[in-house]
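Sharing a structure, written as structure tokens. Questions coming.
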Amino acid sequence: MPELPEVESIRMYLDAHLIGKKLIDIEIREPKMFFGNPKKIIGEKIVQILRSGKVVNLQFENNKYLSTHLKLSGQILYAPDKQHAVFANPIPRANTDTMPGKTTHIILTFDDNSALFFNDMRKFGWMKLGDKPEHAKGTDVLSPEFTEEYLRKAISKTARPIKVVLMDQEKMAGIGNIYANDALYLAKIHPARKANSLTPDEINTLHQAILDSIHEGLQYKGSSAQDELYIMPDSSKGEYQHHFKAYHQHGKPCKRCGTLLVRIELGGRGTFFCPTCQK
DNA sequence: CTGCGGTCCTGAAGGC
DNA sequence: TGCCTTCAGGACCGCA
């Protein structure tokens with residue numbers, strides 16, 4: 001699912017393809033997924049593309065921001081030619097390589113006849129038009145402010161399971177289920193440990209593990225596992241799913257000690273870890 | 001503060 | 001074959 005590495009990969013792609021283009025039309029097929037008055041950005045050029053946590057913000061010349069959250073199953077596809085929006089790969093679950101498809105809910109058209117298609121099978125995602133970029137409450141884990149000290153403060157006052165806290169966007173933004181599980185595996189910390197029970201050494205190790213797993217995710221342009229719908233705007237897949245440490249690896253042997261990884265539930269979410277080497 | 005359950009939605013998987 | 005039920009999951013909300 002789209003977490004920081006997936007969303008940042010999309011942001012970088014859009015940054016390379018959309019800057020300076022003028023928006024000439026927004027087609028909203030699913031009104032519940034769009035908030036705000038689209039007329040405010042018609043005729044405006046995109047000047048910058050930002051990200052905060054899992055949200056992408058398109059900044060327009062008139063300082064309006066079109067923000068997008070992909071939630072579980074959102075996709076953003078970019079076609080250089082709207083009338084011939086054919087992609088190299090079939091779109092997952094859409095059974096087609098042409099857009100718009102069954103799950104296309106919003107279409108942005110630009111002055112060079114290129115287009116963005118916002119697809120979402122589950123319709124949990126959204127686009128919002130506002131005067132400011134959507135800003136995650138917690139510190140983005142790729143920002144310079146996400147220090148060991150920040151992590152210590154964020155987890156020191158709560159007895160919730162550390163894995164639940166890692167996924168709390170009000171504490172730190174961008175980490176979802178994949179990278180929370182993998183970071184805890186790298187740090188050899190049990191996901192159910194009370195957050196305020198971590199030692200200073202464990203906090204430092206965890207901080208590095210978070211950065212390592214996020215950066216590895218980025219390196220592979222995110223995770224496009226079989227049951228995920230995330231793909232890049234050109235329909236290419238991410239490859240991090242071939243490098244999962246713990247996420248969805250239950251039943252497989254731990255690469256460190258051979259113990260079979262297990263699945264439990266924490267905060268209502270699937271949680272995966274090695275019962276032997278994660279303490 | 002904390003956890004729990006419900007809500008949004010739909011395809012996949014399992015039961016019979 | 002095919003219908004029916006259950007489930008996953010990010011963020012949010014109400015409730016105990």
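All figures in this text were calculated on a predicted structure; none of them were measured in a lab. Numbers restart at 1 for each chain; the letters A, B, ... are given by sequence-line order, proteins then strands.
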**Prompt:** Do the charged groups of E239(A) and K237(A) touch, with an N to O distance under 4.0 Å?
**Reply:**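 So E239(A) does not pair with K237(A) through a salt bridge.
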
**Message:** Run Y150(A) and E145(A) through side chain to side chain contact (heavy atoms under 4.5 Å, CB included) and show every step you take.
**Reply:** CA-CA 7 Å; Y150(A) 181 90; E145(A) 291 99 76; 5.6 Å; no

**Request:** Give the ring-plane orientation class for H243(A) versus Y220(A), where under 30° counts as parallel, over 60° as perpendicular and anything between as tilted.
**Result:**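 Judged by the thresholds at 30° and 60°, the geometry between H243(A) and Y220(A) is parallel.
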
**Item:** Phosphate OP1/OP2 of dC1(B): any K157(A) side-chain N/O under 4.0 Å
**Value:**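 Result: no.
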
**Atom-to-atom span, CZ of R160(A) to C1' of dG3(B) - whole angstrom** =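 After rounding, the reported distance stands at 9 Å.
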
**Asked** Base, sugar-phosphate alone, or nothing: which one does T158(A) contact when heavy atoms must sit under 4.0 Å apart?
**Response**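 Touches sugar-phosphate only.
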
**Prompt:** Out of I189(A), N181(A), I264(A), which residue meets the side-chain contact (heavy atoms from CB on, under 4.5 Å) rule with F273(A)?
**Reply:**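 Answer after filtering I189(A), N181(A), I264(A): I264(A).
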
**Request:** Run the salt-bridge test on K245(A) and E216(A) with the 4.0 Å N-O cut-off and return the result as yes or no.
**Result:**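 So K245(A) pairs with E216(A) through a salt bridge.
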
**Message:** Between R269(A) and A159(A), which residue's closest nucleotide on DNA chain B lies nearer the 5′ terminus?
**Reply:**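 Closer to the 5' end of DNA chain B: A159(A).
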
**Message:** Parallel, tilted or perpendicular: which one describes the rings of H17(A) and Y13(A), with boundaries at 30° and 60°?
**Reply:**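 Judged by the thresholds at 30° and 60°, the geometry between H17(A) and Y13(A) is parallel.
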
**Prompt:** What nucleic acid atoms does K71(A) come within less than 4.0 Å of, heavy atoms only: base, sugar-phosphate, or nothing?
**Reply:**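 Base: the residue K71(A), judged by heavy atoms under 4.0 Å, touches a nucleobase.
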
**Request:** Could you check how far CZ of R93(A) sits from P of dG11(B), rounded to whole Å?
**Result:**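 In whole Å, dG11(B) P and R93(A) CZ are 8 Å from each other.
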
**Asked** For residues Q208(A) and D212(A), is any side-chain donor paired with an opposing acceptor at under 3.5 Å?
**Response**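 The criterion, which ignores hydrogens and geometry beyond distance, is satisfied for D212(A) and Q208(A).
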
**Request:** Looking at every strand, decide which applies to P2(A) at a 4.0 Å heavy-atom threshold: base, sugar-phosphate, or nothing.
**Result:**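 If one applies the 4.0 Å heavy-atom cut-off, P2(A) turns out to touch nothing in the nucleic acid.
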
**Message:** Any base atoms under 4.0 Å from G270(A), or only sugar-phosphate, or nothing? Heavy atoms, all strands.
**Reply:**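 The residue G270(A) makes sugar-phosphate contact but no base contact.
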
**Request:** For dT10(B), take OP1 and OP2 only and decide whether either is under 4.0 Å from a side-chain N or O of S73(A).
**Result:**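 False: S73(A) side-chain N/O out of range (4.0 Å or more) of dT10(B) OP1/OP2.
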
**Message:** Distance check needed: dC8(B) P versus H69(A) NE2, whole Å only.
**Reply:**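 The distance from NE2 of H69(A) to P of dC8(B) comes to 19 Å, rounded to the nearest Å.
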
**Prompt:** Base, sugar-phosphate, or nothing: which does H105(A) touch, judged by heavy atoms less than 4.0 Å apart?
**Reply:**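 Since no nucleic acid heavy atom lies under 4.0 Å of H105(A), the category is nothing.
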
**Request:** Please find the earliest and latest nucleotides of DNA chain C, in the 5' to 3' direction, that have an atom within less than 4.0 Å of any heavy atom of chain A.
**Result:**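 Using the under 4.0 Å cut-off, the span is dA8(C) to dA11(C).
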
**Item:** Nearest-Å distance for atom pair CE/C1', residues M121(A) and dC8(B)
**Value:**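 It is 13 Å, rounded to the nearest whole Å.
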
